[in-house]
Amino acid sequence: MMDIPVNQNIPADRFSHVPERIYGLVELAYNLWWSWHSSAAGLFKQLNRAEWKNCRQNPVKMLLEIPPRFLERAAEDPDYLRRYDLLFFRFRHDMDRRNSWFSENYPERMPLTIAYFSSEFGVHHSLPLYAGGLGILAGDHIKESSDLGVPMVAVGFLYAEGYAHQHLQADGWQKNVVEVFNRDSAPITRVMDENGKHLVVQVPIIEPPIYVAVWKVQVGKVPLILLDTHIDENLPENRSISHRLYEHDLEMRLRQELVLGIGGRKVLSVLGIEYSAMHLNEGHSAFALLERLRERVSSGMSFEEAKEQVRNTSIFTTHTPVPAGHDVFPFDLMDRYFRNYAPSLGIDWDTFLGFGRSAHAPEAGFNMAAFALRMTRHHNGVSAKHGEVARRMWQGLWPGTPVEQVPIDHITNGVHIPTWLNPWMEALFDKYLDPVYPTWREDYDNRLIWNLIDEIPDKELWDLHLWLKVKFFARIRERKRLKWAEFRNEPRNLVSEGLLLDANVLTIGFARRFAEYKRADLIFEDFERLESIVTDRWRPVQFVFAGKAHPVDDFGKEILRRIYKFAGLPDFAGRIAFVENYGEEVAHHLVQGVDIWLNNPVPLMEASGTSGMKAAINGVPNLSILDGWWVEGYNGRNGWAFEGHQPYGKNRMADANTIYDIIEKQVAPLYYTRSMDEVPLGWVKVMKESIKSCVWQYSARRMVKEYITRYYPSVCMYAGEPTTGVVQVCRP
């Protein structure tokens, strides 16, 4: 097995200016572990706060560009060195796989057991390898796997241009801005072959040949392997396969998915990485199952036996609640790329295509989700409600099976608490939880711990929330200052983008992808009533929007443009704003800095929705339609909920009126009812209930433990063998 050591191939000559006494900073910069440990990030920030900000919290870029005098000063400062030594003691301890929950509970396992495939990974904004929620979820999954010590390797794409950045023109129209990813100043390293050259692997069978160069990002204990087609070995038309996420062109999407799946599996084979199970995060990487089949058949196994082994060692998680959301490739396109692949499986062409036929549209093409469901043993939705929707949607794949018995389970998503909990909120929890339960950071999926939140004085929690709110608004103004300096926007655009927001006003946040079903513009159904709400003399309300439309979704762009235009109208007194270029960095400030989180999609079209979880753990209550995770999360005391209507059309006004009523009659009165020291005691009670009910239940720790206890131990067992409850290594 080819060893992939932590932080392999760091270009040492580029960091010769870093003093030996603190050279560990270079290793730490190339391990994203620092990104969810505030004390680790603090080591870089203390070198030079302004430079840390200018480099957008990218420690590799900072170490490359910072003048040596700042590093030399730190290497001679006793206080800095004391913090440095303590931090590295913790870092070394955490990187030792023997010191983990998994090693204690599952002692018999190989170093890398679960192969986790995803088309996108949102680990940190210095690595623009994600488009939205699916990628952030994947990033949270592998971070939590590192924290728990789950033996895992992750596989994805190295996108040269990532997902489009958003620039709003003067009229509010979204302009898609391409920024080429600078690998030389990012926490990413090349994987080298035995000859010391950058490892290049050919994707099997596919003609003309496609090659991938292999890169690695270290995410705590978990190596994230990334595939790159922008290399000289490829034909010009194949070099662009890994340029951008979610290409609109179907043929390019197909080529991306065959490279990710078949190429990704081949890369693991070349690296000699053994694993017990393959976990597919959505259907984009499902072709990896084909390569596992082909390897077994080529070694002499029958197709049926190979299929059973692959099925019994594979997991498929779907995030899409509507049939149109899954990739479907026309049969003639499949013929172009897979006609020579089918014989290597020992099956005919019709049988091959049959694995991807959807029961509700069998002639539409090769459906990646249908294929993944047929070729995996375990399949799950990402909330209880989504599990119900998925069972109805895919019932046709199990003819004659009652819908309630369709074998699609659910594991509700969760968020990585150390990433999304504000460090100052974390410090407040330390102050009041540590004396009673010092190990709360390790056991935060324990429900009982969170009753201790009631120990926090109401005023202390409220004052911290106000400070985070002020900090968020200051960040918005700073972004606008920089944009003004670059683009010289009209003054009205500065109003539209949040310059007049008031930290004393009840602030409602809405941040999502601007797809039609998300209904971002729902609150604008009744202009007069909305105006009366936001300009109320005694109980004013303001709204902050953020999110991107897909680069080719002009309808979504039009919704965004309308909201941007509304935000600049004097009628709304500067109390509606749009924050540009929403991403992981902006999300941190937004979910921690607003007062309430709004979600109003068309019912049954929200699979889970993790942004509301991120707000909830920071004491920001949700106001949401009862869909996705909120069906499970709402308890009547931790926020507000309403049923909502289907479909589009006239029912929009009914849902808008419901939101207006809740804000006017429940939310605003509670928020503005204050004690003599200006603390809204009733509101703080809801904030505390939000934290108490959501941190443990919607943490990635609970989620990953569910995958481990329910799926991972059993998928490594061949058909007919008993499940021991211990993860065992099976043939990859």
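Keep in mind that what you see is a predicted model, and the values were worked out from it rather than measured.
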query: Using a distance-only test with no angle check, is there a side-chain donor-acceptor pair under 3.5 angstrom linking Glu282 and His319?
result: no

query: Which residues satisfy the side chain to side chain donor-acceptor pair (under 3.5 Å) test with Arg90, sequence neighbours excluded?
result: none

Distance-only polar pair, side chains of Asn281 and Ser118, donor-acceptor under 3.5 Å: yes

message: Parallel, tilted or perpendicular: which one describes the rings of Trp394 and His326, with boundaries at 30° and 60°?
response: perpendicular

query: Are the side chain of Thr610 and the backbone N or O of Met613 linked by a donor-acceptor pair below 3.5 Å?
result: no

- prompt: With respect to Arg56, which candidate in Glu584, Glu179, Glu585 satisfies the salt bridge (charged side-chain N to carboxylate O under 4.0 Å, His left out) definition?
  reply: Glu585

- prompt: Is the centre of the Tyr159 ring less than 6.0 Å from the centre of the Tyr130 ring?
  reply: no

- prompt: Does the side chain of Ser314 pick up a donor-acceptor pair with the side chain of Arg292 at under 3.5 Å?
  reply: yes

- request: Kindly write out the residues that satisfy side chain to side chain donor-acceptor pair (under 3.5 Å) with His141, not counting sequence neighbours, or none if the list is empty.
  value: Tyr712

- prompt: Taking the six-membered ring for Trp, are His379 and Trp398 ring centroids under 6.0 Å apart?
  reply: yes

- prompt: Would you call the rings of Phe338 and Phe287 parallel, tilted or perpendicular if under 30° counts as parallel and over 60° as perpendicular?
  reply: tilted

task: Ignoring hydrogens and angles, state whether a donor on the side chain of Ser242 or Thr229 is under 3.5 Å from an acceptor on the partner side chain.
output: yes

task: Check the angle between the aromatic planes of Trp629 and Tyr698 and answer parallel, tilted or perpendicular using the 30° and 60° thresholds.
output: perpendicular

- request: Check side chain to side chain donor-acceptor pair (under 3.5 Å) between Arg357 and all other residues, then give those that pass, not counting sequence neighbours.
  value: Glu363

Name of the residue among Leu87, Leu28, Asp94 meeting side-chain contact (heavy atoms from CB on, under 4.5 Å) with His37: Asp94

Short N-O contact, Glu295 and Arg265, less than 4.0 angstrom: yes

Under the side chain to side chain donor-acceptor pair (under 3.5 Å) test, residues paired with Arg253 that sit two or more places apart: Asp327

message: In this structure, is the centre-to-centre distance between the rings of Phe366 and Phe371 below 6.0 Å?
response: yes

task: For the pair Trp33 and Phe91, name the ring-plane relationship: parallel under 30°, tilted 30 to 60°, perpendicular over 60°.
output: tilted

field: Pairs where residues 116-136 contributes a residue and the test salt bridge (Lys or Arg N to Asp or Glu O under 4.0 Å) is met, not counting sequence neighbours
entry: none

message: Can you confirm if the aromatic rings of His279 and Tyr707 lie within a centre distance of less than 6.0 Å?
response: yes

query: By salt bridge (charged side-chain N to carboxylate O under 4.0 Å, His left out), which residues pair with Glu291, not counting sequence neighbours?
result: Arg294

Pair Asp335 + Arg339: basic N to acidic O under 4.0 Å: yes

